Amino acid sequence: MTPLAVTRFAPSPTGSVHLGNARTAFFSYLWARKSGGRFILRIEDTDVERSELRFRDELLAELHWLGLDWDEGPDIGGPSAPYAQSERHGLYAELYARLEAQGVVYPCYCTPEELDLSRKLQRMAGRPPRYAGTCRSLSLAERHAHEARGRRPSLRFAVPCAGEVEFIDFVHGAQRFHMSDIGDFIVRREDGTASFFFCNAVDDAVMGVTHVLRGDDHLTNTPRQLMVLDALKLPRPGYGHVGLLVGADGAPLSKRHGSTSVQEFRQRGFLGAALLNHLFRLGHTGDVDGWLAPAEFPAHFRPEHLGKAPARFEESQLVHWQKETLGRMSVAEIGAWLDIEAGAPFAELVRHNVVLPRDAAPWIAVIKGELPPLGEDERRIIAAAGPGFFTAAAAALDEAGTDSKRLTKLLAERTGRKGADLYMPLRLALTGQTHGPELAPLLKLIGAETARRRFEFHAQNS
RNA sequence: GCUCCCUUCGUCUAGAGGCCUAGGACACGGCCCUCUCAAGGCUGUAACACGAGUUCGAAUCUCGUAGGGAGCGCCA
């Protein structure tokens, strides 16, 4: 059995959950569930500009919709409360004081404009754009001078100019970074709020997180966070960086690839279980190929099979899981999902002919609306059957009603047609399409009156 | 520019020196079933980025090349 894992998902409430984030959340959740550990939800809302309360509520709702739940979080509390970083200032203040006492951080009075310029200059000179160290060795007098001018400092971590940071990434293996490649980074912003490098790492450590699962884009950030943790003598969690989720063209998943957020897929009618089944196999291989019910996922999750290569998200693959999921739903569930008042017989009728709720629209038209004009091929089939066929069909309908078995039997006897020659013109006259659900229930729903009208139309017009 | 990461069928992946004439799933094609579609059964097409090296033997190890990506933010 996997050792007890405490994992977390730490989104910032700045919009709907991105598919890539949903995936790392799912994997983290699975790891905790599989090992019997805990899954923590923490809200990283230190960016006051972009964080919004409504996003936070939406986020929780989306996660629940997907089928995830957590053991500690802003809505249910827990031993490490509070779970929103905007409410954890007390802890951070204490830790900043410790860092200051150790002399591993220093106030930086550079303005964003100055920093921007410095970076540009370095770039032009063909050098990596790193903090130049301007404020690293300011005298007390110089600091006072800055303060006197009303400048509020940010707090920077003084990265040693020599040395290495090493860690074992549980998906990439051993990693080593030179400190000389890392510039002094900000741990506290000018407005007093905590920066990502600081609070993200610190909270993981303090909350007892043992396995941090995140996107590849954080791999080179990890040494910075490790330096903060080491300076504070806080325990290092294990880190694992999974390959990013990319679009069909291999570029990072973005708007131009279509839907990218959980919310968008939900609104289009994709099912949570379908999304989960797809995500489960993106950058990860479980020990089964087939569809899994949400409750079955943890048992089949294999953390050692998390992938390092970027995984392409293709909607056609999601469609497969959507069909699988649909196939396992009850008629009542399908009906609710379709969200139309056509009733159970209709849900039963179209369940194998729809992927998304909007696919049901043409069948609603078939049952209670007008048929679209026929295409070239369709007209040929109608013509081949001839007006007599439809006259006979109308007559048979009058005798058999919407009992399609009787109707086709009568029609077969009277026209000598059978098989496709019999059914195709019927289907076409009734639905206007060559494909679709079974004819018998279809006829029942269409009703004798409409069916008669459609037969008569072709009796006169073909 | 510097540092780091990645590269097996169209897609997701299995593969940790011989078990690989590279396996599975999805997608696609064919056949069967069937009024059609779907489902189901059978079946087919299809990949180790490239080049050196190590080795009796490399998809697997090493180096290089190419391509893709990330970080170098008072975003997370």
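The structure presented is a predicted model; accordingly, all values stated were derived computationally and were not measured.
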Which nucleotide, if any, forms a Watson-Crick or G-U wobble pair with [N], using both distances under 3.5 Å?
N	answer
B/rC72	B/rG1
B/rC35	none
B/rA14	none
B/rA22	none
B/rA52	B/rU62
B/rC9	none
B/rG29	B/rU43

Q: Would you check if the distance from the ring center of A/Y83 to the ring center of A/W70 is below 6.0 Å?
A: no

Would you say [N] has OP1 or OP2 under 4.0 Å from some side-chain N or O of [X]?
X	N	answer
A/R427	B/rC37	no
A/H178	B/rC2	no
A/R119	B/rC74	yes
A/T46	B/rA76	yes
A/R189	B/rC75	yes

Q. Which nucleotide, B/rC35, B/rC74, B/rC72, lies nearest any side-chain atom of A/F197?
A. B/rC72

Q: Please determine, for the side chain of A/I186, which listed nucleotide (B/rC74, B/rA70, B/rC35) has the closest atom?
A: B/rC74

Close N or O pairs between protein and nucleotides 64-67 of chain B (under 3.5 Å):
none

(Q) Just to be sure I understand the rule, does A/R224 reach a base, reach only the sugar-phosphate, or reach nothing, if contact means heavy atoms closer than 4.0 Å? (A) sugar-phosphate

(Q) Categorize A/L115 for me: base, sugar-phosphate, or nothing, with a 4.0 angstrom heavy-atom threshold over every strand shown. (A) base

Q.
What's the gap between B/rU7 and B/rU13 when it is taken at their C1' atoms, as a whole Å value?
A. 14 Å

Q. If the P atom of B/rG51 is compared with that of B/rA76, how far apart are they to the nearest Å?
A. 46 Å

Q. On RNA chain B, nearest-nucleotide positions of A/R188 versus A/D289: which is more 5'?
A. A/D289

**Q.** Closest-nucleotide ordering on RNA chain B, the 5'-leading residue of A/T285 and A/W321
**A.** A/T285

Q.
Before you tell me yes or no, could you show the steps for A/D377 and A/R380 under salt bridge (charged side-chain N to carboxylate O under 4.0 Å, His left out), namely the whole-Å CA-CA distance, both residues' side-chain angles and the distance that decides it to 0.1 Å?
A. CA-CA 5 Å; A/D377 293 343; A/R380 244 197 303 280; 2.7 Å; yes

Rounded to whole Å, please give me the gap between [atom1] in [X] and [atom2] in [N].
X	N	atom1	atom2	answer
A/Q322	B/rC26	CD	P	17 Å
A/F196	B/rA70	CZ	C1'	13 Å
A/E113	B/rC74	CD	C1'	11 Å

Q: State whether A/F167 and A/R236 meet the cation-pi test: NZ (Lys) or CZ (Arg) under 6.0 Å from the six-membered ring centroid, and within 45° of the perpendicular axis.
A: no

Q.
A cation-pi test, strictly: NZ or CZ of A/R151 under 6.0 Å from the centre of the six-membered ring of A/Y109 and no more than 45 degrees from its axis. Yes or no?
A. no

Q | Heavy atoms from other residues, nucleotides or ligands near CZ of A/R152 exceed 12 (cutoff 6.0 Å) | A | no

Check nucleotides 5-11 of chain B for protein N or O atoms closer than 3.5 Å to its own N or O atoms and list the pairs.
| unit_1 | atom_1 | unit_2 | atom_2 | d |
| --- | --- | --- | --- | --- |
| B/rC5 | O3' | A/H172 | ND1 | 3.0 |
| B/rC6 | OP1 | A/H172 | ND1 | 3.4 |
| B/rG10 | N2 | A/Q317 | NE2 | 3.3 |

Q. Using 30° and 60° as the class limits, which term best fits the ring planes of A/H89 and A/Y92: parallel, tilted or perpendicular?
A. perpendicular

Q: Could you walk me through whether A/D216 and A/H172 pass side chain to side chain donor-acceptor pair (under 3.5 Å), step by step?
A: CA-CA 10 Å; A/D216 240 353; A/H172 286 276; 2.9 Å; yes

